[in-house]
**Q** 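Sharing a structure, written as C-alpha cells. Questions coming.
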Amino acid sequence: MTSTLRPGLIFLCVFVVIASSELLAQVDTLDVDFYDTPLESLDSLQATDISEELGQVLNQPLSIASGAALNPRNSPNVVTVVSREEIERSGARDLIDVLRLVPGFTFALNEGGSVGLGIRGNWANEGKVLMMMDGQELNDIYSANLNFGNHYPVDLIDRIEIVRGPGSALYGGFAEYGVINIITRNPDTDRGLSFGYNFGQMAKTRGRRHRVFYVGQKWGNTSISFSSIGGSGMRSDQDHYGFYDNSLIDSLGIGAFSSLAGNSRLNPRITNFQVKAGRLSFRSIVDLYAYNDARVINENQRRRRLIKFRSNYSEFKYVYPVNDKLTLIPRFNWVVQFPQLSGLADSIIANQEDARVSRFRANFSANYAPDHRTHLIGGLEVFRDKAENNDQFVLNPLYIKEDKVTYNNLALFGQAILKRPWAHVILGARLDANSKYGAAFSPRLAITRRLNKFHFKFMISRAFRAPSIGNIARAFDGEEYEINADSTGVTSFEGTIEAERTWVQEAEIGYRLNENLILTANIFNTSTDDPIVYSFYTDSLIQSTFGEADGLLVYQNAERSGTRGFEFDVRYRHKKGYIYANYSYYDVSDKARVPAYTVSNFAFNPAERFEQEDDQLLAFSKHRLNLQACYYVADDISVNLTGSYLGMRYGYDVLLGGDVFDENNNLILPARFNVSGQLIQEKPVILANVFLRYDRLWNKRLKLGIGMYDIFNQKPAFLQPYFGLNAPLPGPSPEIIFKATWDILKFGEEDE
C-alpha cells in the first residue's frame, strides 16, 4: 500500500481500537439474541440510546445493495441514502446538486457538450454507473450514457439510494462502479394532489423554470399515481469557445468565443404513471430531454444544434407469495429510445424517425427464506437490444454501420444472505452470456457485522461493463479503415471490443459516538482490465490526407486502469437540525493508467504526448470535501447551507495563436485557423449555497423557499476527462433560486 493511503489506514485502525474498547466496556443495549432473531426483525432493531433523528438515517431499510431489506450498516456495499427532506431543504436545482454532496462523486464534460459522472476518480459515465428510477434503468441503451443537467426531477424524489461500488452481481453490465436508485413520490408515503413551480435567475439569463405536478391515492391494495415535470433551463451564461460547422470553416476559421446565455438549453419533460392492483403493477415513464451542443456554432456564433432524446420506459410486475417462505416475481420491461438532432441541414438529419433503439427484457426472480437465518435470491433474465437506422451519416446520433443490429443476452443470478452468530455473510454471483461479446461472470462476497455502536464491512466483488451498441459500432482496432475516393473523410473502420472487467476490494468501519453522531470510513481498491475507452485515433496517413488535427473518435480496449483511496463521512442529527460532512480521496500513482485519461501535454499524435502527473487523472480532483448543514429556526422554518471544496484539477483548453508568416513575411496561416490545445490547471474552488425554506403556510398547504447557489461566484467548469480538444464547459454564474409547492388536496384520514 502506498504512503498516500497511510492516513486512511491509520484512521481505520483508530476506529477499531476505539470501538473495541467501547464494546468491552459496555453491555450491548440491543439486549437480543443475535443468532435466534429473524433476519428482518434483527435488521429493524436499533440501540436504545440512539436519537430518533439519527435513527431515521441508520434504520432506513434498503434493498439496492442486496435485493433484501437491510439497513445501511448491514448492506453489503458502501451506501449513501439521500432523503426527501435533505433534497427539499437544500434547495437543490437538479440531480447534479444532490449527487455532488455524495463522497467520491464528481461531474465532467462528455462529448457533445453533455455532462457525465465520475466516481472515485474514474470516468464512469459510459455505462459504468447504473441509474434507475422506480426500478427502470435510465441509461441510454445506445451509448450507456447518462445526461445530467436540469434533467431528472429532484422535486418529485422521495429518496435516493446510492451504492458507491460495484453492483454487477445483481444488476449486470451497467453497474460496474456504482448504482443510483431514485425512488419518487408514491401513494404509500404521499397521498394527495400538489403543484410546484421553480424559478432560477443567473446574472445574464434565466437559469431555469419548472412546473411540477403530482397526484396519488391508495385504496386498500390498490393505488394510482401520476407525476410530471416540464420546463426549460440553461447550462451557463458564461463565454465558451465553439467550433464552426465544417461548411463554415473555410470562410470563418476554426471557431470563436461566444456567450452560452440563451445558447445552452437544458429542456426536460418527464411523466411517471403507476397503477397497482393487488399483486400486479404497471409503470410507464416518458422522458423527453433536449440540450444544445455547446461545441458547434453557426455563422452568427449561435449554438443551434439541439440534441434530443425521447425515451419510453414501461414495466409489468407481479409479486406472487407462494407461501410465507417463498415469493416469485416475474417482470417484463421494455425501453424504446429515439435520439435525434436538429439545427443542421436536412440532408444530414433526414430519416431520423427511423432511428430507434430498444431493449425488451424478461426477468424472473425468487425470494426464499427457509428459516430466520437464511435469505436466498435467484433467477434468470433475458433481454434483446435492437437498433434500427436508415441514415448512415456519421453525424446522425445513431450510427450502427448497418440498417439494423440485434444482440441477445441471457443472465443467471443468485445470492445468499446467511446470518451467523459472528456476522452476516452475503454470497452472490451473476453470469451473463451475450451474443456479441461473450460471457461475463460477476461473483461477490461481503461480510457485515453490527455490534451496538460499531459496524464493519469487508467486501470483494467482480464487476463488468458491457459494451453498448454504440461501443460496438465505433469499435476500432487501429488497422482497418478506408478513405473516400475524394479524400473527404473515412468511410468505414473495423474492429472488435470486449467487455471490461473490474475487481474491487472495500472495507468500511463505522462508530456511533453518541445518540446523535456517527462516523464512517471506508477504503477501496479498484482494478479494471480491458477498460473501454473513447479515444482519438490518428496516424500519418490520416494526418497527411486531412490535416494534423484530424482523426477518428472511436472506442477501443485499453490494457488496464484503476484507482484506490478512502472516504470519511460524519453525520450529526438533532431535533434542531443536522450537519453532514464527508471527505474523499483517490490516487493512481501505483496503478496502470489509460493514456487517454492521464494528465499529459497536448499533442494530437499520441507518440508526442507525455505524462505530466502520475498521481491524478484528467478532470477529477484528488481531494473533495462536502458539507451540508440545516438549522430549524422554528418548526416550519429552516436555513440550509451546502458547500463543496474541489481540489486542483487538470484538463485541456483551446490555445489561440496569431498569424503565421514565412521567412519572406508572407501570411501562411491566419490567426483564425491557428487553433490548438493546451494542458491547463484549474485552481481549487469552494462552491457554497444557501437556502431558506418556510413550510406549512396558508392553511399548512404552502411551502416556499428562496436561496442562492454559488454565493462566492466560483463558476467551476466541467473539464473533459479524456484527451480531446473540447474547451472546459463553464458553470453558471451565481443563481437566485425560488421554489413553491402547494399541496392542493391531502387524501387521508382528515379528509375522510
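Residue indices begin at 1 and follow the sequence shown.
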**Q** Supply the atom-to-atom distance Met202 CE to Met234 CE, rounded to the nearest 0.5 angstrom.
**A** 8.0 Å

**Q** Taking the side chain as every heavy atom from C-beta outward, state whether Asp155 and Lys739 have any atom pair closer than 4.5 Å.
**A** yes

**Q** Do you know which of Leu101, Leu99, Ile160 makes side-chain contact (heavy atoms from CB on, under 4.5 Å) with Val82?
**A** Ile160

**Q** Near Lys715 NZ, under 6.0 Å, is it more than 12 heavy atoms from other residues, nucleotides or ligands?
**A** yes

**Q** For residues Gln720 and Asn726, is any side-chain donor paired with an opposing acceptor at under 3.5 Å?
**A** yes

**Q** Would you say the side chains of Asn145 and Asn125 form a donor-acceptor pair under 3.5 Å?
**A** yes

**Q** Could you check whether the rings of Tyr152 and Phe148 sit parallel, tilted or perpendicular, using 30° and 60° as the cut-offs?
**A** perpendicular

**Q** Do Arg303 and Asn292 get their side chains close enough for a donor-acceptor pair, meaning under 3.5 Å?
**A** no

**Q** So do Phe691 and Ser90 actually touch side chain to side chain, heavy atoms under 4.5 Å?
**A** no

**Q** Distance-only, no hydrogens or angles: does the His240 side chain make a donor-acceptor pair with backbone N or O of Pro728 under 3.5 Å?
**A** yes

**Q** Taking all non-hydrogen atoms of both residues into account, name the closest pair between Pro734 and Met708 and its distance.
**A** CB-SD, 4.3 Å

**Q** Do any N or O atoms from the side chain of Gln556 and from the backbone of Phe476 form a donor-acceptor pair under 3.5 angstrom?
**A** yes

**Q** Under 3.5 Å, side chain of Asn150 to main-chain N/O of Pro268, donor-acceptor pair present?
**A** no

**Q** Checking side-chain polar atoms at under 3.5 Å, does Tyr650 have a donor or acceptor matched by the opposite partner on Glu613?
**A** yes

**Q** Taking the inter-plane angle between the rings of Phe309 and Tyr291 on a 0 to 90° scale, is it parallel (under 30°), tilted (30 to 60°) or perpendicular (over 60°)?
**A** parallel

**Q** Do the side-chain N and O atoms of Asp237 and Ser733 include a donor-acceptor pair separated by under 3.5 angstrom?
**A** yes

**Q** State whether the side chain of Asp710 and the backbone N or O of Gln714 hold a donor-acceptor pair below 3.5 Å, judged by distance alone.
**A** yes

**Q** Flag the pair Met132 / Val179 as yes when at least one side-chain heavy-atom distance between them is below 4.5 Å, and no otherwise.
**A** yes

**Q** Testing the basics here: between Pro153 and Ile229, what is the closest heavy-atom pair and its distance to 0.1 Å?
**A** CB-CG2, 3.6 Å

**Q** Going from CG on Leu109 to OG on Ser114, what distance comes out if it is rounded to the nearest 0.5 angstrom?
**A** 7.0 Å

**Q** More than 12 non-hydrogen atoms from neighbouring residues, nucleotides or ligands closer than 6.0 Å to CD on Glu559, yes or no?
**A** no

**Q** Please report the interatomic distance CG(Asp140) to CG(Leu146), rounded to the nearest 0.5 Å.
**A** 8.5 Å

**Q** With no hydrogens and no angle check, is any side-chain donor or acceptor of Arg100 less than 3.5 Å from a backbone partner on Ser644?
**A** no

**Q** Can you tell me how the ring of Tyr555 sits relative to the ring of Tyr534, calling it parallel under 30°, perpendicular over 60° and tilted otherwise?
**A** tilted

**Q** Is a side-chain N or O of Asn139 found less than 3.5 angstrom from the main chain of Val129, in a donor-acceptor match?
**A** yes

**Q** Taking all non-hydrogen atoms of both residues, which atom of Ala294 and which atom of Leu729 are closest, and how far apart?
**A** CB-CD1, 3.9 Å

**Q** Measuring from Asn689:CG to Leu687:CG, what's the distance to the nearest 0.5 Å?
**A** 5.0 Å

**Q** Check whether more than 12 heavy atoms from other residues, nucleotides or ligands sit under 6.0 Å from atom CZ of Arg209, and answer yes or no.
**A** no

**Q** What closest approach, in Å, do Lys128 and Tyr597 show between heavy atoms, and which atom pair accounts for it?
**A** NZ-OH, 4.4 Å

**Q** Verify the neighbour count for atom CZ of Arg609: are there more than 12 heavy atoms of other residues, nucleotides or ligands below 6.0 Å?
**A** yes

**Q** Tell me whether Arg269 contacts the main-chain N or O of Asn267 through its side chain, where contact means a donor paired with an acceptor under 3.5 Å.
**A** no

**Q** Regarding Thr528 and Tyr177, is there a side-chain donor-to-acceptor distance under 3.5 Å anywhere?
**A** yes

**Q** If you measure from the Lys or Arg side-chain nitrogens to the Asp or Glu carboxylate oxygens, is any gap between Asp587 and Lys622 under 4.0 Å?
**A** yes

**Q** Which class fits the ring pair Phe602 and Tyr652: parallel under 30°, tilted 30 to 60°, perpendicular over 60°?
**A** perpendicular

**Q** Are Asn198 and Phe738 side-chain neighbours, meaning at least one heavy-atom pair lies under 4.5 Å?
**A** no

**Q** Please indicate whether Phe661 has more than 12 foreign heavy atoms, meaning atoms of other residues, nucleotides or ligands, lying under 6.0 Å from its CZ.
**A** yes

**Q** Would you check if there is a donor-acceptor pair between the side chains of Arg465 and Asn471 at a distance under 3.5 Å?
**A** yes

**Q** Any chance you could measure Ile180, atom CD1, to Ile119, atom CD1, to the nearest 0.5 Å?
**A** 7.5 Å

**Q** Determine whether a donor-acceptor pair (N or O, by modelled atom type, separation under 3.5 Å) exists between the side chain of Ser258 and the backbone of Gln301.
**A** yes

**Q** Closer than 3.5 angstrom, by distance alone: can the side chain of Ser584 be matched with the main-chain N or O of Gly104 as a donor-acceptor pair?
**A** yes

**Q** Below 30° counts as parallel, above 60° as perpendicular, anything between as tilted: where do the rings of Tyr289 and His151 land?
**A** parallel

**Q** With distance as the sole criterion, is a donor-acceptor pair present between the side chains of Ser527 and Lys591 under 3.5 Å?
**A** yes

**Q** Check Asp590 with Arg564, please: is the shortest side-chain N to carboxylate O separation under 4.0 Å?
**A** yes

**Q** Is a side-chain N or O of Glu126 found less than 3.5 angstrom from the main chain of Ile532, in a donor-acceptor match?
**A** no

**Q** To the nearest 0.5 angstrom, please state how far the CG atom of Asn298 sits from the CG atom of Asp245.
**A** 9.0 Å

**Q** Among Val675, Leu725, Asp653, exactly one meets side-chain contact (heavy atoms from CB on, under 4.5 Å) together with Tyr241. Which residue is that?
**A** Val675

**Q** Give me the atom names and distance for the closest heavy-atom approach of Val594 to Ser561.
**A** CG2-CB, 3.7 Å

